[in-house]
Amino acid sequence: MSQVIKQSPNAENRLLNTEELKNTVESVLAEAKAKGATHAEAGLSIETGLSVTVRMGEVETVEHNRDRSFGLTVYFGQRKGSASTTDFSKQAVLDTVQAACDIARYTEEDKYAGLADIDRLATSYPDLELSHPWELSTDAAIDIARQCEDAALSVDKRINNSEGGYLTTGTDYRIYANSHGFMGDYFSTRHSTGCTVIASQGERMERDYWYSISRCPDQLEAPEQIGKKAAKRVLQRLGATQIKTQRVPVVFQAEVARGLLGHFVRAVNGGAQYRHASFLLDKLGEKVFPERIRIDERPHIKRAIGSAPFDNEGVANSEHDLVTDGILESYVLDSYAARRLGRETTGNAGGVHNLFISHDDKSLDELLKEMGTGILLTEVMGQGVNIVTGDYSRGGTGFWVENGEIQYPVEEFTLASNLADMYKNLVLVGNDVDTRSSLCTGSWLINEMMIAGS
Amino acid sequence: MDKHLQIATQNLLNPAELDEAVLSKVINSMMGHDIDYADVYLQSTRHESWVLEDRLVKEGQYNIEQGVGVRAVSGEKTGFAYSDEIILPALTSAADAARAIARHGQTGKVRSWDKRSVPALYTEQDPLSVLSADDKIKLLRTLDEEARKLDPAVKQVIASMAGVHEIILIAANDGTFTADVRPLVRMNVSVIVERNGRREQGSAGGGGRLTYNYFLEEERALGYAREAVRQALVNLDAKDAPAGTMPVVLGPGWPGVLLHEAVGHGLEADFNRKGSSVFSGRVGQQVASKHCTVIDDGSIAARRGSLSVDDEGTPTQQNVLIENGILKNYMQDKLNARLMNLPITGNGRRESYAHMPMPRMTNTYLANGKYDPQEIIKSVDKGLYAVNFGGGQVDITSGKFVFSASEAYMIEKGKITYPVKGATLIGNGPESMNLVSMVGNDMSLDTGVGVCGKEGQSVPVGVGQPTLLVDRLTVGGTSA
C-alpha cells in the first residue's frame, strides 16, 4: 500500500500566490506593449491533481499531476502572433513574449483580428462556487476506486475481468487578462470516479463502464452505486446479436444524444459558418428543430460542470437561447467570428457553457413505448460525422426493442442519416437529463434511420 | 559521446545544473526491494504552426514545453509524477511521490550506464529553422493559389504547416542512459467546394520525421493541394452510399487504418496481459486469413511513426505480429514484457513527460500479396471500393471496429462505376481479418498524417497496406 503524502495536491494549489501570478501576467502585457504591440492578451492556467487506478483489487497506478501553461497573443495593428510556454521562469516568459511578437511581424493584416470589444467585457462576475477542493489522501483515493470496482465485480460471476476503477481529483486555477484592462481569475475543482469491467459468456467478452463527475466531492455518486450500474450495463450486453439491414426509429440514450447536441454546436459555431463548412449554413431565423424544441445556454449555474464566470476573451456571458420554438436564434460566436459575420459575440470564446435542450415529460421507458419497435442506442463508434454536409454514419451498440420493451442486445451495426433530417425528425426528448458535461440532454427519439447489419 | 546524448546534455541537463551522477542518485533513491524498475524522462519540445485561411496567413503559434517525468514500478503497480520544472528539487519530490507506491524503502543501486549509441533514423537538424518565416508564408500562399486555380468551385482553402523539435533523455535503473533528438513536420490542406448549392470538403497532407525541405521536394506540398481539391470534387458528384453487408476493396496506403483498428490495438501487450483483448492468449493461433502478414516497424527511416529509440530507451525494430494469418507477437513495453516474461519490442511510447509510457504502435502495415490491384477489383460483382478514410475506433474487448470512408466508389460487375458518399464500415477484428481473401502487390505507407489516441494519450503513427479484398463488411450508407 502506498504512503499518505504529506500534502494533498489540492492544498498545494490553494497555496498558490495568485497575486504574484497576476502581477506576472500584467508585466507580460506591459512587456508586449513595450515591444510595440497595440494590444495583447494572456492566459495562465495551473492544474494540480491526483489520479489513481485499481485493477482487480490491486493498485495499478498512482499519478500526481501538475500542469502549467502560459499563453500570450499580441496584436500589432491587425497582425497577430501567439506563443505559449510551460516554463514560468522570468527568462522563458520574456522569450515567449518575444516569440509572439516575432510571429506577428510575419502574419498578414486581418481586419477582423483583435481583442473583444471593451464594452462587452465582464466588469464584475459572480462566484459560481466552482472550487471545492478534496483533502484526500492517496490511500483514501485508492479505497474509493477499489470500492467502485469491487461493487461491479461482486454482482455476477460472469463479470470476471476489469479494466479497473479510478478516482481523479484536481484543482484548476485560471487567469485571463488583456490590454483593455480586463483581469479575471478563478479556481475550479473537478472530481471523478468510475470503473470499467468485463463480462464473459462463452468465447465472447464485452465491457462497459459507469462514472460520476462533480465539482463537489459530496455530490459524487456513491462508489457502490457506480459499480452496480457498470455491472448492470455490461451484463445487459452479453449475448448480443446482429440485426438485419432496415429502416427503423432509434432512441439515442442520453449519453449518446449528447453527441447529437454537440454536432449542432459545431454546425452553428461561428468558424463553421464563416468558412461555409456547415450543414446549417445561414440558417439563422429558420426552423431547424420541431416547434417544441428550445436550446439554451446557462453559463452561471452554481457548481455545474460546464459553468464559467466569463468566456475565454473576458466577455460577460449570460443565459440566452440558441433555438426557440425550433427556430435557430443565435450562432455560437467569439468576437472574431462575430466580426466576420457582422454580428455580436455571444460570449462563447472557448465553447458553450451548460447547454440545455428542452425535454418532454417522459422517461426513457416511455420513449421506448412511444417508439414501439426500433433500436435503443447505447454506444456509438467512429468519426463518421460530416459537419459540412450533415452526413451521419456511425457504428452502434444497443438493444432491439419491440412493443416498447427491450428484447435483446444488438451490436455490429451502423446507423446513418443526415443530421439536418435527424434534428427535424426529433420526436421526443426524455426527462432523463444527463448533466455530467457542458451539453445537457435527455434521450432522443428519432423517427427513422437507416440501419445496416447482417 | 553519442551525438544525441551530447545535445540532450547541453539542452536538458546543463541549464538545470544536473548531471549523470545526480540522475543516478535520484533513481537510486527510488530503488527498494519492492521496486522493480525506475526511470527518469527529461524532455524539451519546441513546436510551431502557421495557418492560412481566407487567402491570409493570419495565425502563427510558437510553444515551448519542457519537463521531467519520474516513474517507479513495483510488480503491476506504477507510481508516477512529473514536473514542468527541470530542477533538482522538483525531480526529488517527483521521485518521492512516485516511489510511494512501494511499502518499503531501501537503497538500491542503478546498474552502470549503458550508453550504447543507437543509429539515428532521422536528422537531428532543427526542422523549424530550415525555412525562414517568409518562406513558410510564401509556401502556404502557393498552396492556396494552386487549390483555387484548379477549379472555380473551390470556395475556401485552409492550409497549415507545423513543426516539432524534441529532445529527450531517458535514464533508468536497468542501465538505460539514452537520448533522442526528434524532428516531426506536417502539412495539411483542406478545401470546401460549392457547386449548385451543394458543399463538400476534401483534405490531404503529409509529413514525417524530416525538415520542411521535404515539402519542397517533388512538389509534395502542391500535391497535397491538388489531392484535396480532387477529393472534394469527387464528393460533389457522390451518390448515397449503400447500406448492408458486401465485399469491400480497400485501396493502398492510408486505408491501412483497418489494420490499426482491427488488429493493431488488440495486439498491444497491456490488454493481452490483462486478458481484456479479443486476441488474448491466442499466440500461435490463426487470427487472420493466410494472406495476412501484419508488421509493426518503428525502425523505418524518417517515417512519422518511427523512433530511433522508444520512450523507454529501447531501440525500435521490425516486429512481425501476424505471419500468414498466425498470431506471432504482441507489442511490448518494459513493464508488460517483464510481467509476461517476453522480450521487449521497442513499443514503449508516451505522449510527453507528463504521461506514462504504454505499449503503442509505430508504423503498422500489411505485407504485399501476389495480386494485381486491378485483378482484385475485377473479382467483385457488386461491392464497395474505398480509397480514403477519416479515422477509426476499436473496442478491443469485443473486437468490434469501425472506420469511416471519406472517398469511396461502387464496384459493379468488376468495374468502378460511381462515387458514393462517405460511410462508416463496421466489423469484428478477427472475423474480418479472416475474410481477407485477396492481397495486392502495391503496398504503400500513408503520407504521414496519422495520430493515434489511447487512454487520453496521442502519438504520431504510420499505417499502410496494399490493395485488399474483404469478402464481407457492413457498410453504413443510407441507401437500401
Under 4.5 Å to a heavy atom of chain B? For A:Arg237 that would be side chain

Interatomic distance, OH@A:Tyr392 vs OG1@B:Thr424, rounded to 0.5 Å, equals 9.0 Å

Correct closest heavy-atom pair for A:Asn161 and B:Gly275 would be ND2-O, 3.3 Å

Ranked by heavy-atom pairs below 4.5 Å to chain B, first place among A:Val385, A:Leu415, A:Leu281 goes to A:Leu281

Whatever's closer than 4.5 Å to a heavy atom in chain A on B:Ser404 counts as side chain

A:Glu411-B:Asn428 side chain donor-acceptor pair, cut-off 3.5 Å
no

Any side-chain heavy-atom pair of B:Asp395 and A:Arg207 under 4.5 Å: yes

Practice prompt. Show your reasoning for whether side-chain contact (heavy atoms from CB on, under 4.5 Å) applies to A:Glu206 and B:Thr397.
Written response: CA-CA 6 Å; A:Glu206 297 285 355; B:Thr397 302; 5.7 Å; no

Max heavy-atom pairs within cutoff under 4.5 Å with chain B, candidates A:Ala452, A:Ser51, A:Ser393, A:Ala83, goes to A:Ser393

Turns out that what part of A:Thr196 lies under 4.5 Å from chain B's heavy atoms comes down to neither

Bottom line for B:Arg55: the part with an atom under 4.5 Å from chain A's heavy atoms is backbone

Interface check, chain B: of A:Lys80, A:Arg275, A:Met450, A:Arg394, most non-hydrogen pairs under 4.5 Å belong to A:Arg275

*Report yes or no: does B:Arg472 contribute a side-chain atom to a donor-acceptor pair with the main-chain N or O of A:Ser454 at less than 3.5 Å?*
no

Applying a strict 4.5 Å limit to non-hydrogen atoms, the region of A:Asp391 in contact with chain B is side chain

Cut-off 4.5 Å, heavy atoms of chain A, and the answer for B:Ser277 is backbone

Looking only at B:Lys155, B:Arg71, B:Glu200, most heavy-atom pairs under 4.5 Å shared with chain A are made by B:Glu200

Ignoring hydrogens and angles, tell me if any N or O in the side chain of A:Arg68 forms a donor-acceptor pair with the backbone of B:Ser83 under 3.5 Å. no

Contact check, side chains of A:Thr61 and B:Phe80, non-hydrogen atoms, under 4.5 Å: no

Practice prompt. For residues A:Val388 and B:Ile192, determine if any side-chain heavy atom of one lies less than 4.5 Å from a side-chain heavy atom of the other.
Written response: yes

If one checks every heavy atom of A:Glu109 against chain B at 4.5 Å, the contacting part turns out to be backbone

### Query
Going by distance alone, is a donor N or O of one side chain under 3.5 Å from an acceptor N or O of the other, for B:Asn63 and A:Ser84?
yes

Do we see a donor-acceptor contact under 3.5 Å between the side chains of A:Asp102 and B:Tyr62? no

Residue from B:Thr245, B:Thr78, B:Asp84 scoring the most non-hydrogen pairs under 4.5 Å with chain A is B:Asp84

Under a 3.5 Å distance rule, please check whether A:Glu108 uses its side chain to pair with a backbone N or O of B:Val57 as donor and acceptor. yes

Rounded to the nearest 0.5 angstrom, the NZ-OG1 distance for B:Lys58 and A:Thr107 is 11.0 Å

Fill in: A:Arg66 with B:Glu85: basic N within carboxylate O range, under 4.0 Å
yes

Nearest heavy-atom contact between B:Ala354 and A:Glu63 is O-OE2, 3.9 Å

Yes or no on side-chain contact (heavy atoms from CB on, under 4.5 Å) for A:Thr389 and B:Arg199, after CA distance, side-chain angles and deciding distance? CA-CA 7 Å; A:Thr389 60; B:Arg199 265 180 305 277; 5.8 Å; no

Bottom line for A:Arg79: the part with an atom under 4.5 Å from chain B's heavy atoms is neither

Whatever's closer than 4.5 Å to a heavy atom in chain B on A:Gln383 counts as both

If one checks every heavy atom of A:Phe70 against chain B at 4.5 Å, the contacting part turns out to be neither

Distance col, row B:Ile64:CD1 vs A:Ser69:OG, nearest 0.5 angstrom, shows 12.0 Å

Okay, A:Tyr274 and chain B: the region with an atom under 4.5 Å from a heavy atom over there is both

Looking only at A:Lys244, A:Met449, A:Arg340, A:Gln246, the option with the highest number of non-hydrogen pairs under 4.5 Å against chain B is A:Arg340

Taking every heavy atom of A:Thr414 against every heavy atom of B:Gly476, the minimum-distance pair comes out as OG1-CA, 2.8 Å

Open item on the list: Looking at A:Glu58, I want to see if its CD is surrounded by more than 12 non-hydrogen atoms of other residues, nucleotides or ligands under 6.0 Å.
Closed with: no

CD (A:Glu379) and OG (B:Ser398) are apart, to the nearest 0.5 Å, by 8.0 Å

Honestly, the part of B:Glu53 sitting under 4.5 Å from a heavy atom of chain A is side chain

Turns out that what part of B:Glu261 lies under 4.5 Å from chain A's heavy atoms comes down to neither

Answer key: most heavy-atom pairs under 4.5 Å with chain A among B:Ile426, B:Asn235, B:Thr474, B:Val475 is B:Ile426

Below 4.5 Å, heavy atoms only, C-beta onward: do A:His64 and B:Tyr82 meet side chain to side chain? no

With chain A, the option among B:Ile86, B:Ile137, B:Ile158 that has the most non-hydrogen atom pairs under 4.5 Å is B:Ile137

So, the part of B:Lys421 with a heavy atom under 4.5 Å from chain A: the answer is side chain

When rounded to the nearest 0.5 Å, the distance separating CG of B:Leu473 from CD of A:Glu412 is 8.5 Å

Residue from B:Gly477, B:Gly427, B:Ser74 scoring the most non-hydrogen pairs under 4.5 Å with chain A is B:Gly427

Does the pair A:Asn386 and B:Gln201 meet the rule for a side-chain contact (heavy atoms from CB on, under 4.5 Å), with working shown?
-> CA-CA 9 Å; A:Asn386 186 333; B:Gln201 63 183 341; 3.3 Å; yes

For A:Thr86 and B:Glu65 the tightest heavy-atom approach is CG2-CG, 3.3 Å

Task: Heavy-atom check, side chain of B:Gln61 versus side chain of A:Thr73, under 4.5 Å - done: no

Counting heavy-atom pairs under 4.5 angstrom with chain A, the leader among B:Arg46, B:Glu59, B:His47 is B:Glu59

Taking A:Glu60 first and then B:Lys77, would you say they form a salt bridge - that is, a charged N and a carboxylate O separated by under 4.0 Å?
no

Okay, A:Ala277 and chain B: the region with an atom under 4.5 Å from a heavy atom over there is both

Q. With a 4.5 Å limit on heavy-atom distance, are the side chains of A:Tyr112 and B:Asp54 in contact?
A. no

When the 4.5 angstrom heavy-atom criterion is applied to B:Phe389 and chain A, the contacting part is neither

The interface call for B:Gln156 against chain A, heavy-atom contacts under 4.5 Å, is side chain

Per-residue tally against chain B (heavy atom, under 4.5 Å) across A:Ser82, A:Ala99, A:Ala416 peaks at A:Ser82

